[in-house]
Amino acid sequence: MEIQTMGTENQKSVKATFAGGCFWCTEALFLEIKGVEKVVPGYTGGKVVNPTYEEVCEGTTGHAEAIEITYNPELISYEDLLEVFFGTHDPTTLNRQGADVGTQYRSEIFYHSEAQKKAAENFIDLLNTQNFYGKKVVTKISPAVRFYVAEEYHKNYYNRNKNQGYCMAVIAPKLDKLKKNYQSKLKN
């Protein structure tokens, strides 16, 4: 596994990149997970250099709305992150999460190492073997490519806009589900 030293020399941090629909949702969820040091919303997996939010929303750039997570593997495993990822979005819908429709809202894991790739493949195989969702997982697994950080107003969106309609109707219920189902993985 690729490990990068960030901050102090004793602390090892690793990156994980997930696309699970709207990055406002996924960012808000993973900010609550212990061992997660940083969550950055952005765009990846497309063909346009330095895309804007508006371009990605048109669905023509090939990019997915995604988050890049920096986490401490001594505090949380990649498999635990996968569990939260798969437990907080619908990985059985192609290019859609709820009312958000388009390739930019696809479910995709962008792996940073062969270990992450294998873990993601094993997790999806397990979900499909157990017929966990009642239908097949369509989450794509791809090598991590250039990640473009989203515009500043997207960062920490939920925490800055809790009273906004989308936040109250979509993100808040996901956070409630996270708190109910993943209590042991949450920051204090």
Side-chain angles (χ1 to χ4, degrees), residues 1-23 25-27 29-51 56 61-95 97 103-133 135-150 178 181-182 184-187:
M1 184 176 291
E2 296 174 12
I3 296 181
Q4 301 171 334
T5 303
M6 302 181 74
T8 66
E9 288 187 31
N10 295 332
Q11 183 175 348
K12 294 180 170 96
S13 296
V14 179
K15 291 197 184 296
T17 305
F18 300 135
C22 171
F23 54 27
C25 295
T26 52
E27 177 196 42
L29 296 167
F30 281 95
L31 282 171
E32 298 296 320
I33 303 299
K34 70 180 169 188
V36 170
E37 299 165 351
K38 184 177 176 184
V39 182
V40 178
Y43 319 106
T44 193
K47 59 186 182 291
V48 174
V49 176
N50 205 23
V56 172
T61 68
H63 291 286
E65 285 193 19
I67 54 169
E68 187 176 75
I69 300 166
T70 303
Y71 70 98
N72 182 339
E74 294 175 5
L75 300 176
I76 191 155
S77 70
Y78 185 71
E79 290 77 4
D80 284 338
L81 295 176
L82 288 172
E83 181 183 348
V84 172
F85 173 71
F86 282 108
T88 55
H89 83 290
D90 183 352
T92 67
T93 55
L94 187 63
N95 301 326
Q97 287 299 306
T103 58
Q104 68 271 29
Y105 301 114
R106 66 186 178 266
S107 178
E108 189 165 359
I109 296 167
F110 296 90
Y111 61 87
H112 293 264
S113 68
E114 285 302 311
Q116 285 185 355
K117 178 184 179 186
K118 188 70 171 161
E121 289 171 344
N122 290 341
F123 208 96
I124 290 172
D125 286 346
L126 179 65
L127 292 171
N128 285 331
T129 299
Q130 293 181 347
N131 197 27
F132 188 80
Y133 295 101
K135 47 188 167 178
K136 189 175 166 115
V137 171
V138 298
T139 303
K140 189 175 174 187
I141 301 172
S142 304
V145 292
R146 177 107 188 246
F147 184 90
Y148 296 95
V149 175
L178 178 80
N181 296 334
Y182 299 100
S184 67
K185 292 176 177 48
L186 299 178
K187 293 176 180 173

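We're numbering straight along the sequence, starting at 1.
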Under 4.5 Å between any side-chain heavy atoms of [X] and [Y], yes or no?
X    : Y    : value
K185 : V84  : yes
E37  : S13  : yes
L81  : I33  : yes
K47  : T61  : no
Y71  : Y78  : yes
F86  : I124 : yes
Y148 : V49  : yes

- request: For side chain to side chain contact (heavy atoms under 4.5 Å, CB included), just list the numbers for L94 and R106, CA-CA rounded to whole Å, side-chain angles, deciding distance to a tenth of an Å, and then say yes or no.
  value: CA-CA 6 Å; L94 187 63; R106 66 186 178 266; 5.9 Å; no
How long is the span from the [atom1] atom in [X] to the [atom2] atom in [Y], to the nearest 0.5 Å?
X    : Y    : atom1 : atom2 : value
L186 : L31  : CG    : CG    : 12.0 Å
L127 : N122 : CG    : CG    : 11.0 Å
Q130 : D125 : CD    : CG    : 11.0 Å
T88  : L29  : OG1   : CG    : 5.0 Å
F85  : D80  : CZ    : CG    : 15.0 Å
T70  : F30  : OG1   : CZ    : 13.0 Å

Would you find a donor on one side and an acceptor on the other, under 3.5 Å apart, between the side chain of [X] and the backbone of [Y]?
X    : Y    : answer
K117 : S142 : no
H89  : S107 : no
N181 : G87  : no
K34  : S184 : yes
E65  : F23  : yes

- request: Quick one: do N72 and K12 satisfy side chain to side chain contact (heavy atoms under 4.5 Å, CB included)? Show the steps, please.
  value: CA-CA 6 Å; N72 182 339; K12 294 180 170 96; 5.5 Å; no
For [X] and [Y], which heavy atoms make the closest approach, and how far apart are they?
X    : Y   : result
R146 : T44 : O-OG1, 3.0 Å
E27  : P41 : OE2-CD, 3.6 Å
P73  : V14 : CG-CG2, 3.7 Å
D90  : Q97 : O-NE2, 2.6 Å

- prompt: Looking just at side-chain N and O atoms, do T17 and H112 make a donor-acceptor pair shorter than 3.5 Å?
  reply: yes
- request: Start with the C-alpha distance between T139 and E108, add both sets of side-chain angles, then the distance that settles side chain to side chain donor-acceptor pair (under 3.5 Å), and finish with yes or no.
  value: CA-CA 5 Å; T139 303; E108 189 165 359; over 6 Å; no
message: Could you check whether F18 and F110 have their ring centres less than 6.0 Å apart?
response: no
query: Within a radius of less than 6.0 Å around CZ of F132, do more than 12 heavy atoms belonging to other residues, nucleotides or ligands occur?
result: no
- prompt: What's the verdict on side chain to side chain contact (heavy atoms under 4.5 Å, CB included) for K118 and Y111, showing C-alpha distance, side-chain angles and the deciding distance?
  reply: CA-CA 9 Å; K118 188 70 171 161; Y111 61 87; over 6 Å; no
- request: Kindly indicate, with the supporting measurements, whether the criterion side chain to side chain contact (heavy atoms under 4.5 Å, CB included) is fulfilled by L82 and I109.
  value: CA-CA 9 Å; L82 288 172; I109 296 167; 3.7 Å; yes
field: Electrostatic pair E68:K15 at N-O distance under 4.0 angstrom
entry: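 A salt bridge links E68 with K15.
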